[in-house]
Trainee: 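Encoded as structure tokens, here's the structure I'll be asking about.
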There are 4 protein chains.
Amino acid sequence: MSQSEPAPAPQFANGRAGKRDRIIAAALRLFARQPYQEVTMDSVARLAAVAKGTLYLYFESKEALYLGILTDGFEKATQHNADDPQAQVAERLHHAIANSIEFYDSHRDFLQLLATEEPRIAAARSRVIQEFRQRGFDFFSSLIEEGMARGVFRRADPRVVTLTIIGAIRALLLYYDQPHDGAELSQELSRMMLEGLTAGTRNHRKAHTK
Amino acid sequence: MSQSEPAPAPQFANGRAGKRDRIIAAALRLFARQPYQEVTMDSVARLAAVAKGTLYLYFESKEALYLGILTDGFEKATQHNADDPQAQVAERLHHAIANSIEFYDSHRDFLQLLATEEPRIAAARSRVIQEFRQRGFDFFSSLIEEGMARGVFRRADPRVVTLTIIGAIRALLLYYDQPHDGAELSQELSRMMLEGLTAGTRNHRKAHTK
Amino acid sequence: MSQSEPAPAPQFANGRAGKRDRIIAAALRLFARQPYQEVTMDSVARLAAVAKGTLYLYFESKEALYLGILTDGFEKATQHNADDPQAQVAERLHHAIANSIEFYDSHRDFLQLLATEEPRIAAARSRVIQEFRQRGFDFFSSLIEEGMARGVFRRADPRVVTLTIIGAIRALLLYYDQPHDGAELSQELSRMMLEGLTAGTRNHRKAHTK
Amino acid sequence: MSQSEPAPAPQFANGRAGKRDRIIAAALRLFARQPYQEVTMDSVARLAAVAKGTLYLYFESKEALYLGILTDGFEKATQHNADDPQAQVAERLHHAIANSIEFYDSHRDFLQLLATEEPRIAAARSRVIQEFRQRGFDFFSSLIEEGMARGVFRRADPRVVTLTIIGAIRALLLYYDQPHDGAELSQELSRMMLEGLTAGTRNHRKAHTK
DNA sequence: TATGAATGAGATTTCATTCAT
DNA sequence: TATGAATGAAATCTCATTCAT
């Protein structure tokens with residue numbers, strides 16, 4: 001009964017892909033709008049237009065499906081990132097902020113999913129999410145620290161700064177309820193953070209020339 | 001099923017601590033640590049040391065119990081607030097930040113509860129939370145606008161500023177993982193926000209004398 | 001979710017017992033007539049005239065229910081036994097055979113249950129059944145060995161003799177399809193076994209005087 | 001669903017071992033070790049190294065596959081038998097016992113299969129097994145009766161004797177857990193049965209000269 | 001008020017069977 | 001003949017809610 005492998009995961013080398021993606025898309029849509037427990041495998045199957053059993057051909061369990069969505073989203077998010085290590089620190093910070101806002105702004109369902117997955121989650125998901133969050137944190141954090149090391153940013157607790165930026169991005173995406181485009185929000189946020197970070201440093205002027 | 005009146009809400013004329021409070025406390029502890037659906041009425045009853053049927057004497061349903069916790073928490077949060085309309089705007093903003101951090105720092109379970117209750121929730125809770133969030137938003141927002149109107153803060157989209165502050169507070173409370181006390185975090189955050197907001201205004205100096 | 005104890009197992013100190021017994025009785029009836037997997041909890045509940053959920057109040061799982069039946073049956077079987085260590089060995093052997101036949105003859109469903117539970121069973125049940133079978137084996141076996149040691153029975157492999165007796169009892173109970181009463185069968189079987197065992201010993205006469 | 005003809009039963013004109021045999025072998029191995037319901041068509045296909053759909057080319061259904069195994073085994077068992085009507089009754093009885101033990105001892109999986117298929121089985125299998133069992137019963141039974149008619153065996157209920165022998169064979173095969181070879185067991189069993197049957201007859205001596 | 005045994009709707013998962021290739 | 005992805009009926013178990021005591 002349990003001596004079979006964790007589900008053969010059908011090989012679709014050929015072009016008839018699609019089904020797995022359809023399932024992920026349907027599931028994402030639902031998980032983003034309802035609590036985990038209220039999303040039934042029936043409803044996922046219905047929305048993906050496959051039979052219920054088919055879900056289990058591609059995902060071992062409901063939890064695995066959920067994890068699949070997360071992983072899928074994280075991959076897309078990672079690909080979306082593009083840091084230019086040559087550029088000015090301030091520049092790079094602005095780009096990072098803009099990138100994040102842009103990505104989640106165009107992946108609203110995934111944003112919602114993450115937004116509610118904050119802390120009290122099942123052990124299995126926890127790892128995946130923690131790691132992803134940590135990567136985001138580290139990226140911003142090292143940028144901040146580099147800025148401080150170079151004297152472009154004033155001295156401050158880099159953790160506080162990082163969390164401020166990350167928290168702000170999240171809040172803007174979730175609660176900024178006026179019609180807007182992401183670029184404006186990025187502008188406003190970057191500016192405020194840069195002002196807050198460069199106030200009183202020699203490079204104050206320079207950082208804002210752009 | 002739901003055409004009975006909203007539950008008699010037993011009166012505790014006598015002095016003993018109140019079963020209702022015990023139930024709320026137990027439920028908060030559990031809801032803060034597990035997703036809604038995984039908290040069973042059985043577990044609440046066990047932790048509160050009452051019989052399962054008793055829960056229904058005080059709360060019409062599981063959902064009502066959850067709502068009770070939220071309302072209870074919001075009341076405490078509101079009481080905790082103390083704004084001094086006479087004080088300087090910058091001063092008041094700092095106080096507001098410090099107050100928030102202090103309150104949630106000493107009500108960790110309630111913080112966790114709110115943290116995961118972000119968007120995809122049952123209709124009934126939604127209203128309660130939305131309203132509370134709105135009140136917080138409005139408070140910070142009007143403070144910011146006042147500051148701008150008086151020329152203490154530079155011009156910027158007050159919504160962006162407000163959400164930045166609120167989002168930052170949330171992120172700091174949830175993810176600042178070093179040992180710390182709340183006051184330090186408030187200091188750091190206020191300072192950064194004030195720098196960001198006053199940069200380039202006449203009152204730049206004045207705002208930072210404190 | 002799994003930090004609760006293995007199910008409180010309702011305490012019925014008072015006279016209103018019955019329900020657990022009713023469930024056991026219903027389940028025994030069904031398990032004796034259908035393979036394990038074909039007995040549904042629904043059908044057990046229906047036959048016991050309780051709600052499905054009630055089954056889980058008394059038994060943690062379907063497997064536990066099955067185990068409950070086994071244990072219950074084994075207890076009854078053990079109580080039914082009554083060996084008189086003072087009596088003659090041949091006498092005791094006859095009594096043991098008669099006892100067994102009598103018990104299972106009046107507990108047909110339990111007999112059927114055991115009859116199919118032979119070797120390829122779930123790990124959990126295995127222990128319970130093995131132990132019970134072993135006890136039966138040991139009892140007969142020691143009786144045989146004692147008889148041989150005293151020279152009442154002729155020398156032979158006591159395991160072969162024991163298994164012959166046990167196997168014969170089982171076959172008679174299951175496949176003797178003529179109308180009969182158990183006592184006759186016991187007589188016939190005992191006689192044949194005793195003849196086979198005493199042939200050629202000094203005590204040949206003596207063993208058959210009864 | 002079942003109004004299609006009983007499956008074309010592919011002809012293997014060519015020499016290669018035959019997929020059907022491979023399937024039977026694989027299925028026997030599995031059915032002997034797990035309850036019917038736990039043997040999945042997937043696992044059979046995997047072990048037989050054919051695709052799942054292929055199973056249905058050779059067997060109409062899972063039940064038909066099971067029946068195929070039984071029939072296959074019964075055929076082999078029948079072929080294994082070899083009675084010499086010229087020989088002495090006692091001789092023939094000993095041979096029959098030895099034959100049975102030998103056959104099942106070298107077809108352990110098939111033994112296990114039968115051992116658990118005792119009474120509570122699906123209607124279709126029941127017939128096949130009953131008939132086979134009946135044949136075995138009749139064979140031993142007529143031998144016993146012949147012995148009694150000739151005065152070689154003492155008077156007794158031939159059904160009891162037959163079932164004793166059959167039951168003993170089964171028990172020895174399944175539960176004799178010491179290292180041994182089948183011939184010894186046959187010796188011991190035959191001897192005991194013959195002692196038990198000839199005790200007190202004129203031919204007592206003669207029957208044991210061998 | 002307080003209890004906790006009883007209920008039964010509903011969720012996840014399995015797997016024999018089908019069928020397009 | 002042979003394949004294996006797809007199907008969906010059916011089974012176990014959970015738990016909010018009720019109600020007799």
Side-chain angles (χ1 to χ4, degrees), chain A residues 1 4 7-12 14 16 19 37-45 50-65, chain B residues 1-2 4 8 10-12 19 37-46 50-65, chain C residues 1 4 7-12 14 16 19 37-45 50-65, chain D residues 1-2 4 8 10-12 19 37-46 50-65:
Chain A
M1 171 171 263
S4 54
Q11 308 297 347
F12 295 113
N14 50 17
R16 182 173 45 100
K19 200 157 288 193
Q37 308 276 0
E38 277 177 29
V39 175
T40 68
M41 293 303 261
D42 264 298
S43 65
V44 174
V50 299
K52 205 180 345 175
T54 305
L55 299 182
Y56 288 86
L57 230 47
Y58 291 84
F59 300 93
E60 229 184 359
S61 65
K62 185 181 177 184
E63 187 70 21
L65 170 55
Chain B
M1 173 177 269
S2 52
S4 53
Q11 308 297 344
F12 291 109
K19 227 163 252 196
Q37 307 275 1
E38 278 180 27
V39 175
T40 67
M41 294 301 263
D42 262 300
S43 64
V44 174
R46 209 178 311 134
V50 299
K52 195 170 15 167
T54 305
L55 298 182
Y56 288 85
L57 292 177
Y58 293 84
F59 300 94
E60 216 184 7
S61 66
K62 185 180 179 184
E63 187 70 20
L65 169 56
Chain C
M1 171 170 263
S4 55
Q11 308 297 345
F12 294 112
N14 50 18
R16 182 173 46 100
K19 201 157 285 190
Q37 307 278 0
E38 277 178 30
V39 175
T40 69
M41 292 303 259
D42 265 299
S43 65
V44 175
V50 299
K52 205 186 339 178
T54 305
L55 299 182
Y56 289 86
L57 230 47
Y58 292 83
F59 300 94
E60 229 183 358
S61 65
K62 185 181 177 182
E63 186 72 21
L65 170 56
Chain D
M1 172 178 269
S2 52
S4 54
Q11 309 296 344
F12 291 108
K19 228 162 254 197
Q37 307 276 0
E38 278 180 27
V39 175
T40 67
M41 293 302 262
D42 262 297
S43 65
V44 174
R46 208 178 313 133
V50 300
K52 193 167 23 163
T54 306
L55 299 182
Y56 288 85
L57 292 177
Y58 293 84
F59 300 93
E60 215 185 8
S61 66
K62 185 180 178 184
E63 187 70 21
L65 170 56

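Letters A, B, ... mirror the listed sequences (proteins, then strands); counts begin at 1. On a predicted model such as this, the values are computed, not experimentally measured, just so you know. In what follows, every heavy atom counts, from backbone to side chain, and hydrogens, waters and symmetry copies are set aside.
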Trainee: Between OG1 of C:T40 and NZ of C:K52, what distance do you get to the nearest 0.5 Å?
Mentor: 8.5 Å
Trainee: For nucleotides F:dT21 and E:dT1, find the distance between their P atoms and express it as a whole number of Å.
Mentor: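 Those two atoms are separated by 22 Å.
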Trainee: State, yes or no, whether a side-chain contact exists between C:L57 and C:K19 at a heavy-atom distance under 4.5 Å.
Mentor: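 They are not in contact (no side-chain heavy atoms under 4.5 Å apart), so the answer is no.
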Trainee: If the cut-off is 4.0 Å, is B:Y58 near the phosphate of E:dA2, judged by side-chain N/O to OP1 or OP2?
Mentor: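 The answer is yes; a side-chain N or O of B:Y58 sits under 4.0 Å from OP1 or OP2.
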Trainee: Apply salt bridge (charged side-chain N to carboxylate O under 4.0 Å, His left out) to D:K62 and list each qualifying residue two or more places apart in sequence or on a separate chain.
Mentor: none
Trainee: Can you check the D:F59 CZ to E:dT17 C1' distance for me, whole Å?
Mentor: 16 Å
Trainee: Would you give a per-nucleotide map of nucleotides 7-13 of chain F, 5' to 3', where B means the base has a protein non-hydrogen atom under 4.0 Å away, S means only the sugar-phosphate does, and - means neither?
Mentor: BB-BSBB
Trainee: For the residue pair C:M41 and C:S61, what are the closest heavy atoms and their distance?
Mentor: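 Shortest heavy-atom separation between C:M41 and C:S61 comes out as CE-C, 4.3 Å.
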Trainee: Go through DNA chain F and write down every stem, that is, every run of at least three consecutive Watson-Crick or G-U wobble pairs with distances under 3.5 Å, as range with range.
Mentor: E:2-21 with F:2-21
